[in-house]
Amino acid sequence: MKKILVSFLFSTLSIGVNSTFPILAIPPTIATIINMSTGDRACYIELLDMEGNITIELADFSICEQSNLINKKVELLYKQTNILASECQGNIDCKLSDQVMLIIDVKIVN
């Protein structure tokens, strides 16, 4: 069974009634993109890393527009930045923010 990990810096993700994902200290820099979806705070990218772990990372919204990246092995570039806080529940007028490692660039590798 593969582990599913989420690496949101200074953030957590809860899915389901009693399930939470552990936080990774270092997000993957080389991985295969399994899926992408646009959320209220960022683009959510599901990755299969080189060790066989599945992680969910936050990315710039523009990356979700690149559907050609799905099932591709990629190099990921991160930047520490502020995004809309999870407690804002998608309200863009909310003044709160969370500091996260955000994927800002993706390059296909061979």
Side-chain angles (χ1 to χ4, degrees):
M1 179 189 289
K2 293 188 176 162
K3 294 187 249 177
I4 298 179
L5 307 169
V6 175
S7 64
F8 299 153
L9 187 61
F10 311 121
S11 178
T12 59
L13 175 66
S14 246
I15 297 178
V17 177
N18 289 319
S19 61
T20 58
F21 289 104
I23 297 173
L24 288 178
I26 302 171
T29 56
I30 303 282
T32 299
I33 295 178
I34 298 171
N35 196 13
M36 297 188 293
S37 62
T38 302
D40 353 351
R41 303 177 345 123
C43 169
Y44 293 85
I45 299 182
E46 188 175 350
L47 301 168
L48 177 63
D49 71 15
M50 302 303 284
E51 287 80 38
N53 297 312
I54 296 174
T55 64
I56 299 172
E57 303 293 335
L58 297 174
D60 186 81
F61 287 110
S62 64
I63 294 172
C64 268
E65 298 170 3
Q66 301 176 51
S67 60
N68 64 312
L69 296 172
I70 295 176
N71 295 320
K72 299 286 196 250
K73 184 176 178 182
V74 296
E75 182 176 1
L76 305 156
L77 177 64
Y78 295 83
K79 179 180 178 184
Q80 190 169 333
T81 190
N82 291 325
I83 64 169
L84 186 66
S86 58
E87 55 262 32
C88 292
Q89 300 179 2
N91 178 359
I92 59 171
D93 294 326
C94 179
K95 303 291 185 217
L96 302 174
S97 65
D98 290 331
Q99 191 171 56
V100 300
M101 291 300 290
L102 189 73
I103 297 170
I104 59 167
D105 194 23
V106 176
K107 292 187 170 93
I108 296 173
V109 295
N110 294 328

**Q** Any non-hydrogen side-chain atom of Leu76 less than 4.5 Å from a side-chain atom of Glu57?
**A** no
**Q** Side chains of Pro28 and Thr55: closer than 4.5 Å at any heavy-atom pair?
**A** yes
**Q** Start with the C-alpha gap between Ile103 and Ile63, add the side-chain angles, then the distance that decides, and say whether side-chain contact (heavy atoms from CB on, under 4.5 Å) holds.
**A** CA-CA 8 Å; Ile103 297 170; Ile63 294 172; 3.7 Å; yes
**Q** Mind checking whether Ile45 and Ile70 sit in one hydrophobic cluster, side chains of I, L, V, M, F, W, Y counted as touching below 4.5 Å?
**A** yes
**Q** With sequence neighbours left out, what residues match Gln89 under side-chain contact (heavy atoms from CB on, under 4.5 Å)?
**A** none
**Q** What distance separates Ile33 CD1 from Ser67 OG, expressed to the nearest 0.5 Å?
**A** 10.5 Å
**Q** Drop me the distance from Met101's CE to Ile83's CD1, to the nearest 0.5 angstrom.
**A** 12.5 Å
**Q** Tell me if a side-chain donor or acceptor on Asp98 pairs with a main-chain N or O of Ser86 at a distance below 3.5 Å.
**A** yes
**Q** Is there side-chain contact between Gln99 and Gln80, with at least one heavy-atom pair below 4.5 Å?
**A** yes
**Q** Roughly how far, to the nearest 0.5 Å, is OG1 of Thr81 from CG of Leu58?
**A** 11.0 Å
**Q** Under the salt bridge (charged side-chain N to carboxylate O under 4.0 Å, His left out) test, which residues partner Lys107, sequence neighbours left out?
**A** Asp105
**Q** Is there any disulfide (SG to SG under 2.5 Å) pair reaching into residues 44-79, and which pairs are they, with sequence neighbours excluded?
**A** Cys43-Cys64
**Q** Under the side-chain contact (heavy atoms from CB on, under 4.5 Å) test, which residues partner Lys73, sequence neighbours left out?
**A** Ile30, Thr32, Met50, Val109
**Q** With the side chain counted from C-beta on, respond yes when Tyr78 and Leu102 share a heavy-atom pair under 4.5 Å apart, and no when they do not.
**A** no
**Q** Tell me, please, which residues at least two apart from Ser62 pass side chain to side chain donor-acceptor pair (under 3.5 Å).
**A** Asp60
**Q** Could you list who else is in Leu84's hydrophobic cluster, with ILVMFWY side chains joined at under 4.5 Å, directly or through other members?
**A** none
**Q** Per the salt bridge (Lys or Arg N to Asp or Glu O under 4.0 Å) rule, what does the pair list look like for residues 76-86, sequence neighbours excluded?
**A** none
**Q** Going by disulfide (SG to SG under 2.5 Å), name the pairs with one or both residues in residues 76-110, residues two or more places apart or in two chains.
**A** Cys88-Cys94
**Q** Can you tell me how far apart CG (Leu69) and CG (Asn35) are? Round to the nearest 0.5 Å.
**A** 12.0 Å
**Q** Considering only heavy atoms from C-beta outward, does the side chain of Asn53 approach that of Leu48 to under 4.5 Å?
**A** no
**Q** For Asp40, enumerate each residue passing the side-chain contact (heavy atoms from CB on, under 4.5 Å) test, keeping only those at least two apart in sequence or located in another chain.
**A** none
**Q** Please report the closest heavy-atom contact between Ala31 and Asp49, naming both atoms and the distance.
**A** CB-CA, 4.0 Å
**Q** Supply the atom-to-atom distance Ile34 CD1 to Lys72 NZ, rounded to the nearest 0.5 angstrom.
**A** 14.5 Å
**Q** Does the side chain of Glu75 come within less than 4.5 Å of Val106's, by heavy atoms?
**A** no
**Q** Looking only at heavy atoms, what is the nearest atom pair of Ala85 and Arg41, with distance?
**A** C-NH1, 3.4 Å
**Q** Applying side-chain contact (heavy atoms from CB on, under 4.5 Å), name anything that partners Asn68, two or more places apart in sequence or on another chain.
**A** Gln66, Ile108
